[in-house]
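Below you'll find the structure, written out as structure tokens, and then a few comments.
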2 protein chains.
Amino acid sequence: MKSFSVPNPAVKRLSLYLRRLEQLAEEGTKTVSSRQLAESLRLSDAQVRKDLTYFGQFGRPGVGYEVRPLVEELRRILGTDRVRSVVLIGVGDLGRALLRYRGFPNRGFEIVAAFDIAQDKIGRDVGAVRIRHLDELGDALVEYDLDMAIMAVPPHAAQEVADRLCEAGIGGILNFAPTTLNTPRKVAVFSVDLAASMEQLSFQVHTRK
Amino acid sequence: MKSFSVPNPAVKRLSLYLRRLEQLAEEGTKTVSSRQLAESLRLSDAQVRKDLTYFGQFGRPGVGYEVRPLVEELRRILGTDRVRSVVLIGVGDLGRALLRYRGFPNRGFEIVAAFDIAQDKIGRDVGAVRIRHLDELGDALVEYDLDMAIMAVPPHAAQEVADRLCEAGIGGILNFAPTTLNTPRKVAVFSVDLAASMEQLSFQVHTRK
DNA sequence: CCCTGTGAACCTGTTCACAGCG
DNA sequence: CGCTGTGAACAGGTTCACAGGG
């Protein structure tokens with residue numbers, strides 16, 4: 001694994017490749033060329049090849065890529081070759097929706113514990129998961145072998161929750177709060193900013209004409 | 001407005017600037033320098049200045065940027081200088097959460113209508129919005145003056161719903177389905193792929209060591 | 001001929017460094 | 001002196017074009 005100098009956008013596209021390859025595998029397709037893969041994702045064939053070679057040589061000239069092995073390979077690269085347990089912090093409307101989101105288990109992520117601080121939520125079940133108090137967070141990270149958290153808390157609480165996650169030794173945070181988190185270098189943070197996404201779209205719509 | 005050649009990442013950061021500036025305005029801060037703005041967002045001061053000058057000259061040498069006017073300016077650029085009405089398609093768990101998401105109205109987006117195809121959902125209310133059948137979509141786009149949609153439908157339905165939106169004359173789509181949508185060039189699409197975001201994070205966490 | 005892998009060319013976006021204004 | 005705005009240098013990513021394998 002050469003982890004030196006892989007463009008971030010390339011990693012992002014790896015997810016797209018994986019999704020498409022899983023589809024192809026289900027349809028029974030055995031091999032696929034960079035061009036075919038590219039077309040269905042509206043990318044260029046060169047892009048696909050370049051992206052894949054950042055991580056190794058998976059194709060065969062004249063043939064293309066074998067679907068099944070490449071799926072395995074990409075999962076390994078993305079760290080989803082085994083099921084990854086995840087905790088959720090913040091069980092509001094968004095948190096509840098994420099708890100039930102099928103796309104997570106489908107792609108190898110299982111939310112195994114949920115935390116909040118509202119007393120009236122503690123002890124309740126959402127699906128198979130019981131809501132616990134945030135103070136028990138440390139225990140849970142030990143109990144399950146687990147290194148990622150999903151944060152769906154109000155903006156004003158985000159930094160404190162992030163601090164507690166880092167203190168508990170979390171490896172990465174998927175942050176839904178519209179806040180710039182202050183975290184140690186070694187903790188990976190990836191933010192999903194819903195309102196900002198709408199603003200991006202709004203900009204596109206209202207300047208394209 | 002010079003809409004030629006603005007880096008996309010710059011537009012993305014505009015959202016961050018706006019959010020921070022709104023905070024500063026609330027705190028009563030009158031002016032802010034590129035350095036101050038940059039620090040709170042973990043960017044470089046040069047980046048901030050460069051980004052802003054893609055859209056005009058808003059600062060004063062020796063002083064910085066006046067918070068209030070810059071907020072107005074950024075809103076105008078992002079198209080949120082007035083409230084934007086939006087429709088939601090797909091009222092599952094995620095759709096419901098988005099209907100209730102405070103971040104949208106806070107940033108000038110109001111979901112004024114919701115659509116689904118499940119008969120048992122039609123006619124029900126979520127918050128102030130009544131769920132209608134997708135067939136009535138065309139009417140709604142006329143009824144409200146509106147050009148953006150949020151799509152929170154299952155992957156298998158995504159392309160068809162997108163087709164119907166485009167047919168109805170939508171201007172842009174915020175897509176939550178993990179699918180590459182096929183849409184006419186003139187329709188702006190912005191995708192939020194939750195599972196892919198987790199995979200990004202997983203990659204960071206599991207290769208950083 | 002079809003396809004991959006890859007250096008090289010190209011393009012896009014970021015950082016630097018400084019002129020010039022208040 | 002502090003701060004913006006900006007060309008110029010630089011870095012990061014993408015596309016091109018082709019050598020070489022099946």
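Every chain is numbered from 1 and lettered A, B, ... according to where its sequence line falls, protein lines coming before strand lines. Note that the coordinates shown come from a computational prediction; the quantities given were computed from them, not determined experimentally.
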Nucleotide N/O to protein N/O under 3.5 Å, stretch nucleotides 8-13 of chain C:
none

Whole-Å distance, A:Glu66 CD to C:dT4 P, equals 12 Å

Between CG of A:Asp51 and P of D:dG13 the distance, given in whole Å, is 11 Å

Residues of residues 29-42 of chain B with a heavy atom under 4.0 Å from any atom of DNA chain D, listed by number, are B:Ser33, B:Ser34

Residues passing the salt bridge (Lys or Arg N to Asp or Glu O under 4.0 Å) test with A:Arg100, sequence neighbours excluded, are B:Asp93

**Request:** Taking only Lys NZ, Arg NE, NH1 and NH2, and the carboxylate oxygens of Asp or Glu, determine whether A:Glu160 and A:Arg164 approach each other closer than 4.0 Å.
**Result:** yes

When rounded to whole Å, the CZ to P distance for the pair B:Arg49 and C:dC18 reads 14 Å

Report all interatomic pairs (protein N or O, nucleotide N or O of nucleotides 19-22 of chain C) with separations under 3.5 Å.
none

### Message
Could you check whether any side-chain heavy atom of A:Asp139 comes within less than 4.5 Å of a side-chain heavy atom of A:Glu136, counting everything from C-beta outward?
### Response
yes

- [ ] For C:dC2, take OP1 and OP2 only and decide whether either is under 4.0 Å from a side-chain N or O of A:Tyr65.
- [x] no

Assess the side chains of A:Ser15 and B:Glu199: does a donor N or O sit below 3.5 Å from an acceptor N or O?
yes

Counting only heavy atoms from other residues, nucleotides and ligands, does the tally under 6.0 Å from CD of B:Glu26 exceed 12?
no

Within-4.5 Å side-chain heavy-atom neighbours: B:Val205 and A:Met148: yes

Check residues 172-179 of chain A and write down every donor-acceptor pair under 3.5 Å in which the side-chain atom is one partner and the other belongs to a residue at least two apart or another chain.
residue: A:Asn175; atom: OD1; partner: A:Ala177; partner atom: N; Å: 2.9
residue: A:Asn175; atom: ND2; partner: A:Ala177; partner atom: O; Å: 3.0
residue: A:Asn175; atom: ND2; partner: A:Ser191; partner atom: OG; Å: 3.1

Taken to the nearest whole Å, CG/B:Leu52 to P/D:dT6 is 12 Å

Hits for side chain to side chain donor-acceptor pair (under 3.5 Å) against A:Gln23, two or more places apart or cross-chain, chain-then-number order -> A:Arg20

Test A:Arg76 against A:Glu73 for salt bridge (charged side-chain N to carboxylate O under 4.0 Å, His left out), laying out the working first.
-> CA-CA 5 Å; A:Arg76 200 182 53 71; A:Glu73 204 57 56; 2.5 Å; yes

Check the pair B:Val112, B:Leu146 against side-chain contact (heavy atoms from CB on, under 4.5 Å), reporting the backbone distance first and the verdict last. CA-CA 9 Å; B:Val112 295; B:Leu146 162 169; 3.7 Å; yes

- Query: Do A:Leu18 and A:Arg107 have side chains that get closer than 4.5 Å, going by heavy atoms?
  - Reply: yes

Here the distance between atom C1' of D:dG2 and atom CG of B:Asp45, to the nearest Å, is 12 Å

